[in-house]
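Data block below; observations after.
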Amino acid sequence: MDNNSQGPGGAKGGLGSLFGGGAPEYSTTELAGVPLSGMSPLSPYLNVDPRYLVQDTDEFILPTGANKTRGRFELAFFTIGGSCITGAAFGAVNGLRMGLKETRDMSWSKPRNVQILNMVTRQGASWANTLGSVALLYSVFGVAIEKARGAEDDINTVAAGTLTGMLFKSASGLKGVARGGLAGLALSSAYAVYNNWDHLTGSPSSSRLY
């Protein structure tokens with residue numbers, strides 16, 4: 001055999017060195033003493049450090065001048081609509097209960113079905129109107145107080161809830177106004193405590209876009 005003959009490894013190394021794409025091959029013995037503790041694991045698919053792909057906090061693309069939290073005016077439509085739907089559903093269930101109770105002495109017939117249906121629709125509309133009106137007053141007071149104070153915090157929530165209860169019961173006299181204000185104060189305070197429960201208990205909370 002002459003010295004110009006090359007095996008498979010030699011041919012591979014020659015072509016690699018010729019085009020500049022060959023990679024050095026190391027044996028297991030040669031790599032045994034190389035420390036790997038300071039090396040970062042690389043993705044075999046992206047060939048990037050995975051630590052750059054992990055985000056500790058949520059990132060959002062927001063318009064210029066926009067906040068990460070929605071204002072009271074933006075949430076007013078959701079609050080009013082959700083209250084109306086909730087009131088309609090609760091009123092329908094309550095009307096069905098009342099209709100069945102009032103017509104329990106009647107046999108199943110068309111008059112009984114009509115009476116139950118009337119009770120369901122009447123109660124559903126009444127509760128939807130009531131909760132929708134409360135949500136509307138609360139949203140109006142919340143937006144007005146936010147604009148007047150120039151800040152958005154739990155003080156606005158408690159003040160809006162208290163004023164909503166007072167105005168909603170204003171037709172019942174001073175005692176009704178006082179009871180409505182206390183009820184609004186209690187409900188809004190409970191909501192403020194629930195909304196800040198993570199902060200009060202010291203547990204970490206994730207930032208949410210609302």
Side-chain angles (χ1 to χ4, degrees), residues 62-63 65-104 106 111-201 203 205 207-210:
L62 300 173
N67 297 325
K68 286 188 176 182
T69 57
R70 298 178 183 176
R72 289 186 178 269
F73 184 77
E74 296 175 338
L75 292 175
F77 301 97
F78 171 79
T79 303
I80 297 172
S83 299
C84 290
I85 294 175
T86 304
F90 179 81
V93 174
N94 187 45
L96 179 61
R97 181 189 62 82
M98 295 175 60
L100 292 175
K101 182 179 179 181
E102 293 181 2
T103 61
R104 64 178 178 271
M106 299 174 58
R112 184 183 184 186
N113 295 336
V114 172
Q115 187 171 351
I116 294 176
L117 182 60
N118 291 337
M119 187 66 67
V120 169
T121 54
R122 189 182 302 115
Q123 289 294 318
S126 177
W127 278 95
N129 184 34
T130 300
L131 293 186
S133 300
V134 172
L136 177 61
L137 293 176
Y138 173 78
S139 300
V140 170
F141 280 126
V143 172
I145 296 174
E146 178 186 2
K147 297 299 181 182
R149 297 183 64 241
E152 172 55 32
D153 49 23
D154 295 326
I155 297 178
N156 298 348
T157 301
V158 176
T162 305
L163 292 177
T164 299
M166 295 174 63
L167 183 60
F168 187 76
K169 289 294 185 179
S170 59
S172 302
L174 294 179
K175 292 184 178 179
V177 171
R179 287 194 296 266
L182 290 176
L185 176 63
L187 292 177
S188 57
S189 299
Y191 174 76
V193 172
Y194 169 77
N195 198 31
N196 294 275
W197 184 254
D198 293 335
H199 177 70
L200 294 176
T201 56
S203 59
S205 60
S207 58
R208 288 175 281 185
L209 186 63
Y210 65 86

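Numbers here are sequence positions counted from 1.
The heavy-atom pair separating Arg149 from Ile155 by the smallest distance is NH2-CD1, 3.9 Å. Looking at every heavy atom in both residues, Val120 comes nearest to Leu96 through CG2-N, 3.5 Å. Minimum heavy-atom separation, Ser139 to Ile80: OG-CG1, 4.1 Å. Of all non-hydrogen atoms in Thr79 and Ser83, the two that sit nearest each other are O-OG, 2.7 Å.
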Margin query: Applying side chain to side chain contact (heavy atoms under 4.5 Å, CB included) to Leu100 and Arg112, what does each step give before you reach the verdict?
Written below: CA-CA 9 Å; Leu100 292 175; Arg112 184 183 184 186; 4.3 Å; yes
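Atoms CZ and CE, on Arg104 and Met106 in that order, are 12.5 Å from each other to the nearest 0.5 Å. Expressed to the nearest 0.5 Å, how far CE of Met98 lies from OG1 of Thr103 amounts to 11.5 Å. Note that CD of Glu152 is 6.0 Å distant from OG1 of Thr157, once rounded to the nearest 0.5 Å. Note that the CG atom of Leu131 and the CD1 atom of Ile85 stand 12.0 Å from one another [nearest 0.5 Å]. Atom CG of Leu174 and atom NZ of Lys169 lie 14.5 Å apart (nearest 0.5 Å). For the atom pair NZ (Lys101) and CE (Met119), the distance works out to 11.0 Å, reported to the nearest 0.5 Å.
Each of Val140, Ile145, Val158 was evaluated against Leu163; a single residue qualifies, Ile145, per the side-chain contact (heavy atoms from CB on, under 4.5 Å) test.
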What side-chain donor-acceptor pairs closer than 3.5 Å can you find for residues 179-192, not counting sequence neighbours?
from   : atom 1 : to     : atom 2 : distance (Å)
Ser188 : OG     : Gly184 : O      : 2.7
Ser188 : OG     : Leu185 : O      : 3.2
Ser189 : OG     : Leu185 : O      : 2.6

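Leu167 has its side chain within reach of Phe141: a pair of non-hydrogen atoms, C-beta onward, lies under 4.5 Å apart. Within the 4.5 Å cutoff, no side-chain heavy atoms of Trp127 are placed close to those of Thr86.
Panel note: side chain Asn129, backbone Ala125; no donor-acceptor pair is recorded below 3.5 Å. For the pair Ser126 (side chain) and Arg122 (backbone), a donor-acceptor distance under 3.5 Å is absent.
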